[in-house]
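Here is how names work: the chains are called A, B, and so on, in the same order as the sequence lines, proteins then strands, and each is numbered from 1.
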There are 2 protein chains.
Amino acid sequence: MVVTKMTIKDIAKKAEVSTASVSRVINNAPNVSEELRKKVMSLIDEVGYKPNSIGKQLRTSKSEKILVVLPTLSNPFYATIIKGIEEECSELNYGVLIAVINLNNELERKYIELLTTKQVDGIISFFSTLAPDEINKMAEAFPYVQCCEPTENTSTSSVSINNKKAAYDAVSYLTSCGHKRIGMISGYYFKTSEREREAGFKEALEKADIAFSEELIVKSDYDYEGGQKACKKLFDLENPPTAIFAVSDTIAIGAMKYLSTINKIVGKDVDIVGFDNATVSKMSSPTVSTVSQPRLELGQTAVSLLMDKIHNSSSINKSVVLPHKLIFRESTGIKFK
Amino acid sequence: MVVTKMTIKDIAKKAEVSTASVSRVINNAPNVSEELRKKVMSLIDEVGYKPNSIGKQLRTSKSEKILVVLPTLSNPFYATIIKGIEEECSELNYGVLIAVINLNNELERKYIELLTTKQVDGIISFFSTLAPDEINKMAEAFPYVQCCEPTENTSTSSVSINNKKAAYDAVSYLTSCGHKRIGMISGYYFKTSEREREAGFKEALEKADIAFSEELIVKSDYDYEGGQKACKKLFDLENPPTAIFAVSDTIAIGAMKYLSTINKIVGKDVDIVGFDNATVSKMSSPTVSTVSQPRLELGQTAVSLLMDKIHNSSSINKSVVLPHKLIFRESTGIKFK
DNA sequence: TTGTAAGCGTTATCAA
DNA sequence: TTGATAACGCTTACAA
């Protein structure tokens, strides 16, 4: 961590060459003599000179950094995806910066300005508060890809699982176990995935010839308390469900907590499936059956989509769908222990 | 989200004024006529001009952004602290960027370059892989503060709780309950806090006239599996403990899991105290008694320390210690349910 | 109050 | 292969 205020000019002066030559050495330009290269490089090493990247950015309009826009930091779900992003970017020598917008539209715009003012070369967004046509317009002019949760009616490159199919699979498993009355705990936050998962839920019921009624879908916050409350609503029904499909593992664990207070045994009296294969889903007791998303690959794919945009501005929009996986644990019957 | 490639020159030309005047308007300089201001502002609004902040940064060496350096994203402990940072920065009109270094020294250096090259005005670091004198040297030249986990033998501004006292309090509570044989599950990751907590642990034993032996401190990864393994080690001892102090709630929950497999009832046969008051500590069953850190205030304080450095380069280094709090839950006896 | 022009640290064009 | 110099977009003395 040598700290110098040296500029390319200082190096040039010391080496008795032009700044242009120093620049060529730094950037591994083809046409520099071995002699010059050695002289300049040894000097650079000696004084610990680091090119000022603001100057470079101003000149080249490239930052070799991308920005990851997150709705919140409190959901550990993102950690692994971002690890995938980091790994991929690290190989490409891109830096990864993260911004948290907390559902704040103004804040989101502020961070997006990092893109429009060329401070980052691209954005991977996990959630946007912008209107669809704003997103479309921006994505036309700048490298912007959506990950996991593309805003409805937008056309940018994106990567996610098939949320409808994932819900369909989870609920179909429940019907195949003989459940005739299944509740769903959904949310009112991530609009797209929730709508799709609700659609998958309904389709699975239909397929199993089970009547659907609105009371079976309860909306919840994405937390432990939310899961408890939502579950109570379901079990305050005249005809309560015998199984629950929840859109997050934390919600599922909250639901399990409520069930324990009314002496229902999860995995026996009531089967539960969560979503995301969060760390906590293996820590609770009983452990939670869940739908797993390929997080590392989600991140890696997002990066390659973004790089495509960065290096080829006319690149066409691609929507990549990655496979999900059902994971069976104790919350859906002891046979899966 | 209007997207223009306009520069200050274009605006100046359109408005038939100098670029200096436009600059003054943008920056709310005192000496501009109302007439000029109106003319320029309306034009700016009309065409949606946004000043290019790279140009501005190059000229002013200020970015109005800070960087938060995190060891990992998978620990939700940071989420609330960062919320405190965001809130504070938002008021000051500073942007907050986050970088994750995953214990990778090279990566950390890369992100620190954002500071040394003036792309961010300061850094709040939650963990560093750098050598103490490197940190000191950097912190002398640039605004850099450490939060929660200052590297030992460094002298930068920092904010944290008193980890030794926190451990002392937690373990003293355990001894006050009558425990004579207490185990500690520590880690080998965050060197500073672990060492301090171990010191607090020993001191509490000493104070209660309980002999200490090395076998009572077991090292663990900061996860569920680590907690299980560490707990097994403790209970494979000839003389196993009747209480455990763990340096994280996740470890504590892992320990509880192991205890359930050997038919020990937590809160009755064995008392357990965790650390951090993580979300999961309220979700497990039994719930986990823990040491709570004032996360929001930790973040806010870090920001004010940093702003002090940013706006007053000769500002003296301050070490702020914030109060911790013991939280009693089911894992230390049902009387605290 | 406004304009002129230098300069922040680079890279890239052109000429040598 | 190397050097001189303009340019990137902005702010800020200094002059008017």
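A:Asn31 places its CG atom 14 Å from the C1' atom of C:dT13, with the value rounded to the nearest Å. Look at CG on A:Asn28: it is 16 Å from C1' on C:dT10, rounded to the nearest Å. Rounding to whole angstrom units, CD of residue A:Glu64 and P of C:dT10 are separated by 15 Å. Whole-Å rounding puts the B:Lys13 NZ to C:dG3 C1' distance at 16 Å. Per the geometry, CD belonging to A:Glu16 stands 15 Å off C1' belonging to D:dT2, to the nearest Å.
OP1 and OP2 of D:dT1 both lie 4.0 Å or more from every side-chain N or O belonging to A:Ser33.
For A:Leu322, the side chain to side chain contact (heavy atoms under 4.5 Å, CB included) criterion is met by A:Val159, A:Pro294, A:Glu297, A:Leu298, A:Thr301, A:Val320, not counting sequence neighbours. Residues meeting the side-chain hydrogen bond (donor to acceptor under 3.5 Å, both in side chains) test with B:Ser315, sequence neighbours left out: B:Asp308. With sequence neighbours left out, the side-chain hydrogen bond (donor to acceptor under 3.5 Å, both in side chains) criterion links A:Ser158 to A:Ser319. Checked against side chain to side chain contact (heavy atoms under 4.5 Å, CB included), B:Asn27 has the following partners two or more places apart in sequence or in another chain: B:Ser23, B:Lys56. With sequence neighbours left out, the salt bridge (charged side-chain N to carboxylate O under 4.0 Å, His left out) criterion links B:Arg195 to B:Glu152. Applying the side chain to side chain contact (heavy atoms under 4.5 Å, CB included) criterion to B:Lys9, with sequence neighbours excluded, gives B:Thr7, B:Thr19. Evaluation of the side chain to side chain contact (heavy atoms under 4.5 Å, CB included) rule for B:Leu306 yields B:Ile66, B:Ile124, B:Pro143, B:Val145, B:Ile310 as partners, not counting sequence neighbours. Partners of B:Asn52 by side-chain hydrogen bond (donor to acceptor under 3.5 Å, both in side chains), not counting sequence neighbours: none found.
Looking at B:Thr129, its side chain never comes within 3.5 Å of a backbone N or O of B:Leu103 through a donor-acceptor pair.
Residue B:Met138 holds its CE atom at 4.0 Å from CD1 of B:Ile112, rounded to the nearest 0.5 Å.
At a non-hydrogen distance threshold of 4.0 Å, nothing from residues 35-44 of chain B comes into contact with DNA chain D.
Note on residues 102-138 of chain A: pairs passing ring pair (Phe, Tyr, Trp, His ring centres under 6.0 Å), not counting sequence neighbours, are A:Tyr78-A:Phe126, A:Phe127-A:Tyr189, A:Phe127-A:Phe190.
Five base pairs at each end of the helix from C:dT1-D:dA16 to C:dA16-D:dT1 define two local axes, and these are offset by 40° (rounded to 10°).
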Inset, instruction - Summarise how protein sits on nucleotides 5-11 of chain D as a single string, 5' to 3': B when a protein heavy atom is under 4.0 Å from the base, S for sugar-phosphate-only contact, - for no contact. - result: BBBBBBB

